[in-house]
Amino acid sequence: MRAGGIKMEIKAYAKINLGLDVLGCRPDGYHEVRMIMQTVDLYDTVSLEKTEGGITLTVTLLGKEEAYPAGIVPDNEENLAYKAAKLIKDTYEIEEGVRIHLQKRIPAAAGMAGGSTDAAAVLRGMNRLFGLKLSTGELERLGVRLGADVPYCVRGGTALAEGIGEKLTALREAPDCFLLIAKPEVSVSTRYVYEHLGEDTAGYRPDIDGMKKAIEEGSLDGILRCMGNVLQSVTEREYPVIGRLKEQMEAAGAKKALMSGSGPTVFGIFTEEEKARKACETLQAENGAGQIFLTGFISPEKEEG
Ligand code: ATP
């Protein structure tokens, strides 16, 4: 986070799910989950500037001047970043305003928490911009009012997320690897995926405890063995491109490929940089692969110093 008095720029990192299990549906409609979350080095840049009053928001796609394609990411009060600013302003009765600019790089509606991480960045940024001195725990408790993934995005790193995603246990930093991320050109409704869960998962349950243990032991092999997402078969049935991307990545040398969140993003874990690079070039050259990124895990706390 770079703070300069009344203006600042924050990196809002995306996440992937190394493991995702759904335990059931609560009476209020939220699902009980157990997820292993991991921050990846792919981020939106969130700029904040103090103003005399109100909240303004603009959104562009990184590297482009024009506004983000309408209808994909809202540039109004529906945007989670705007909602985060309003929540802070209302809760702490702040008279002054904030100008927010989002430079989007994280694919939208992709299973990478693009909106949640922008909201978390606004919470963290406004905390500093307005000298609120809120702890990370307090920011997480505010964040859950905006969305189940926001508390994790406030904290970042490697973590077990339980409850609706807001009960967090920090885990040891996951071992380094090369990560290929592919977002096919389809958008997935998280709601649709959860509503159709249970129809064809064939009793499959990812081994979240095994994954937790593997992370604590620093074992990439163990992580690869336990990687699993209970939502994958639901989204894959709707969008076969997900299955194809996984096969392509594994044929190109990924030790394992998996869908993140409710999809449709697929990530592949490589241990050899050369293979990851070649796989990236191959996917980029082919149709239907959408946005492709070659990146890795990151621990934001370390990054911020
Ligand atoms: P998750 O992994 O938490 O389920 P996601 O990656 O599937 O999230 P998002 O990128 O957060 O999904 O987008 C979901 C919807 O949220 C989008 O279709 C968009 O309309 C809305 N949205 C609101 N604010 C934002 C934002 N700042 N960035 C992206 N999408 C946003």
Side-chain angles (χ1 to χ4, degrees), residues 10-20 22 30-31 33 35-40 42-48 55-62 67-87 100-125 143-144 146-156 159 161 164-166 168 181-195 197 229-232 234-235 238-239 242 258-267 290-291 293:
I10 307 159
K11 287 178 180 173
Y13 289 97
K15 62 86 180 158
I16 54 168
N17 299 97
L18 292 171
L20 194 163
V22 180
Y30 280 100
H31 285 83
V33 292
M35 310 187 285
I36 302 287
M37 321 287 281
Q38 174 62 52
T39 309
V40 301
L42 170 66
Y43 56 86
D44 292 343
T45 304
V46 179
S47 309
L48 299 178
I55 301 168
T56 61
L57 172 77
T58 47
V59 188
T60 54
L61 189 57
L62 187 74
Y68 201 92
I72 302 178
V73 175
D75 62 355
N76 51 31
E77 56 287 344
E78 289 303 313
N79 195 298
L80 274 179
Y82 185 104
K83 288 185 181 174
K86 184 160 180 353
L87 181 62
I100 308 169
H101 179 67
L102 306 180
Q103 256 187 327
K104 293 292 299 179
R105 188 160 186 241
I106 304 170
M112 302 194 75
S116 304
T117 195
D118 292 346
V122 169
L123 296 179
R124 283 163 43 225
V144 75
L146 300 163
D149 279 347
V150 179
Y152 165 72
C153 292
V154 166
R155 188 190 291 212
I164 61 166
E166 89 293 12
L168 300 169
I181 292 177
K183 153 73 170 60
E185 280 171 338
V186 293
S187 292
V188 168
S189 148
T190 302
R191 190 169 174 178
Y192 171 90
V193 176
Y194 275 95
E195 277 175 4
L197 179 65
N229 182 344
V230 76
L231 302 177
Q232 187 170 279
V234 186
T235 316
E238 219 34 41
Y239 301 107
I242 292 168
L258 190 75
M259 185 182 85
S260 182
S262 51
T265 297
V266 174
F267 63 92
Q291 294 151 279
F293 307 91

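In each ligand, atom 1 is the first atom listed, and ligand 1 is the first ligand listed.
Interface atoms of ligand 1 facing Ser116, defined by a heavy-atom separation under 4.0 Å, are 3 (O). Every atom of ligand 1 is numbered from 1 in the order shown, and the set under 4.0 Å from a heavy atom of Asp118 is 26 (C), 27 (N), 28 (N). For ligand 1 and Lys15, the ligand atoms under 4.0 Å from any heavy atom of the residue are 2 (O). Near Ala108, meaning under 4.0 Å from one of its heavy atoms, ligand 1 places the atoms 10 (O).
Here's the thing with Gly115: one of its N/O atoms is less than 3.5 angstrom from an N/O atom of ligand 1. Considering backbone and side-chain atoms together, Asp149 places an N or O closer than 3.5 Å to an N or O of ligand 1. Residue Ile72 has at least one nitrogen or oxygen atom sitting less than 3.5 Å from a nitrogen or oxygen atom of ligand 1, judged on distance alone.
Proximity of Asn79 to ligand 1, defined as any heavy-atom pair under 4.0 Å, is shared by backbone and side chain alike. Heavy atoms of Ser187 found under 4.0 angstrom from ligand 1: none, in either backbone or side chain. Within the 4.0 Å heavy-atom criterion, the part of Leu102 lying near ligand 1 is the side chain and not the backbone.
For the pair Asn79 (side chain) and Pro74 (backbone), a donor-acceptor distance under 3.5 Å is present. A donor-acceptor contact shorter than 3.5 Å links the side chain of Asp44 to the backbone of Ile106. No donor-acceptor distance shorter than 3.5 angstrom exists from the side chain of Thr58 to the backbone of His101, with no hydrogens or angles considered.
The shortest non-hydrogen separation linking Ser260 to Lys15 is OG-O, 4.0 Å. What you find for Ile10 and Ala121 is that their closest heavy atoms are CD1-O, 3.3 Å. Between Leu146 and Ala119 the shortest heavy-atom distance is CD1-CB, 4.3 Å. Here the closest heavy-atom approach between residue Gly165 and residue Met35 is recorded as CA-CE, 4.1 Å.
Between the side chains of Thr235 and Tyr192, no donor-acceptor pair of N or O atoms lies under 3.5 Å.
Taking 4.0 Å as the cut-off, Lys104 counts as a neighbour of ligand 1 on heavy-atom distance. Note on ligand 1: Gly261 sits outside its first shell, no heavy atom being nearer than 4.0 Å. No heavy atom of Val59 sits closer than 4.0 Å to any atom of ligand 1.
Evaluated by nearest non-hydrogen atom to atom 8 (O) of ligand 1, the leading choice among Ala119, Ala84, Ala113 is Ala113. Among Val73, Asp44, Ile16, the residue whose heavy atom lies nearest to atom 30 (N) of ligand 1 is Val73. In this comparison of Ala109, Ser260, Gly147, Ser189, the heavy atom closest to atom 12 (O) of ligand 1 sits on Ala109.
You'll find the side chain of Val33 reaches within 4.5 Å of the side chain of Tyr194, heavy atoms only. Contact annotation: the side chain of Asp149 approaches that of Met37 to within less than 4.5 Å [non-hydrogen atoms, C-beta and beyond].
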